[in-house]
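Since the structure comes first, as structure tokens, the remarks are kept for the end.
Starting from 1, each residue takes its place in the sequence as its number. Everything numeric here is computed off the predicted structure, so don't read it as measured data.
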Amino acid sequence: MNQDYRELFDILKCFARDIRCCSQGETFFGEFTFQQFVILDIIAQRKEIPMNELHGLLSVEKSTTTRLVNPLITKGVLKRTKAAHDSRAAILALTPEGKELHKKVWACLSVFFRDVLKNVPASRKGDVLDCARVLVKAIRAAIDQTSCCRK
């Protein structure tokens with residue numbers, strides 16, 4: 001077995017274990033999944049977004065987006081309205097409660113990210129972030145090319 005492959009697998013295994021709060025079924029900040037917070041964050045950055053654009057940004061099926069969005073609407077942190085140009089199209093936006101939740105979660109995440117970066121030597125911080133971007137891009141490309149990583 002190639003030693004680089006073993007090392008990369010071990011790194012990914014540890015990374016997956018240590019960021020388990022970001023996995024599909026785990027709750028994040030009490031009552032939301034990480035993926036649901038990603039939705040809130042995307043919408044917070046854009047103010048509002050057509051539902052069909054959200055599918056692409058999340059890289060999930062339409063039914064998965066609906067399954068993730070509906071509880072956020074039920075909990076009162078997202079609102080869905082009909083698009084002016086097409087009554088079948090939905091526009092998503094944060095409610096005032098959603099904006100407050102987003103702010104609270106980012107305050108908590110800021111402390112976490114500060115602590116993560118505090119443990120990286122200052123002279124290596126840029127390198128670490130650049131390497132993380134390169135690794136994510138390489139993983140995305142490999143997923144598209146390798147059958148063992150597809151459903």
Side-chain angles (χ1 to χ4, degrees), residues 1-73 75 77-80 89-95 97-151:
M1 176 184 306
N2 182 306
Q3 189 56 35
D4 288 343
Y5 301 164
R6 168 52 60 191
E7 188 172 356
L8 184 57
F9 177 74
D10 289 342
I11 289 167
L12 291 175
K13 182 175 59 176
C14 290
F15 192 69
R17 179 197 65 218
D18 292 342
I19 62 162
R20 67 187 175 279
C21 66
C22 301
S23 67
Q24 290 287 60
E26 297 291 323
T27 60
F28 182 74
F29 206 75
E31 55 188 291
F32 301 95
T33 65
F34 179 77
Q35 194 72 28
Q36 287 173 323
F37 181 72
V38 168
I39 291 168
L40 293 179
D41 191 57
I42 289 169
I43 296 170
Q45 291 179 61
R46 294 182 173 216
K47 306 298 181 218
E48 62 179 32
I49 188 169
M51 183 91 144
N52 63 338
E53 281 185 38
L54 192 55
H55 309 311
L57 293 172
L58 297 174
S59 299
V60 297
E61 297 295 321
K62 182 179 177 181
S63 61
T64 301
T65 303
T66 302
R67 185 177 47 76
L68 292 167
V69 163
N70 282 344
L72 297 172
I73 293 168
K75 291 178 182 182
V77 296
L78 268 189
K79 63 181 175 182
R80 178 177 27 220
I91 304 293
L92 299 171
L94 296 180
T95 63
E97 294 82 4
K99 290 175 186 175
E100 187 59 33
L101 174 69
H102 182 262
K103 191 186 319 183
K104 284 180 183 177
V105 174
W106 259 109
C108 182
L109 286 175
S110 293
V111 171
F112 174 73
F113 294 141
R114 181 202 67 211
D115 290 347
V116 169
L117 292 176
K118 188 170 45 176
N119 290 298
V120 174
S123 63
R124 307 275 323 266
K125 202 172 296 184
D127 294 336
V128 167
L129 294 173
D130 286 342
C131 288
R133 282 189 217 79
V134 168
L135 182 60
V136 166
K137 188 175 180 180
I139 289 171
R140 281 187 198 138
I143 287 170
D144 291 340
Q145 299 165 1
T146 308
S147 62
C148 68
C149 296
R150 294 186 199 141
K151 289 183 179 180

**Message:** If you count every heavy atom of other residues, nucleotides or ligands that lies below 6.0 Å from Lys62 atom NZ, does the total exceed 12?
**Reply:** no
**Interatomic spacing from CD in Glu48 to CD1 in Ile43 - rounded to 0.5 Å** = 10.0 Å
**Prompt:** So do Leu54 and Val69 actually touch side chain to side chain, heavy atoms under 4.5 Å?
**Reply:** yes
**Message:** Any non-hydrogen side-chain atom of Leu129 less than 4.5 Å from a side-chain atom of Val120?
**Reply:** no
**Message:** Within this structure, what is the CZ-CG distance for the pair Arg46 and Leu92, rounded to the nearest 0.5 Å?
**Reply:** 11.5 Å
**Request:** Return the orientation label for the Trp106 and Phe113 ring planes: parallel under 30°, perpendicular over 60°, tilted otherwise.
**Result:** tilted
**Item:** Closest non-hydrogen atom pair, Asn52 against His55
**Value:** CA-CD2, 3.4 Å
**Prompt:** Between Glu97 and Val77, is there a donor-acceptor pair closer than 3.5 Å when you use the side chain of the first and the backbone of the second?
**Reply:** no
**Item:** Separation between CG of Leu135 and CG of Leu12, rounded to the nearest 0.5 Å
**Value:** 6.0 Å
**Request:** Write down the atom of Leu58, the atom of Val38, and the distance for their closest heavy-atom approach.
**Result:** CD2-CG1, 3.9 Å
**Lys99 NZ: over 12 foreign heavy atoms closer than 6.0 Å** = no
**Ile42 side, atom CD1; Leu94 side, atom CG - distance, nearest 0.5 Å** = 11.0 Å
**Prompt:** Above 12 or not: heavy atoms from other molecules or residues under 6.0 Å from CZ of Arg124?
**Reply:** no
**Request:** Any chance you could measure Phe37, atom CZ, to Leu40, atom CG, to the nearest 0.5 Å?
**Result:** 6.5 Å
**Prompt:** So how far is it from Glu53 CD to Thr65 OG1, rounded to the nearest 0.5 Å?
**Reply:** 12.0 Å
**Prompt:** What is the minimum heavy-atom distance between Ala93 and Lys47, and which atoms define it?
**Reply:** CB-O, 3.7 Å
**Message:** Using every non-hydrogen atom in the two residues, find where Gln45 and Asp41 come nearest and quote the distance to one decimal.
**Reply:** NE2-OD2, 2.8 Å
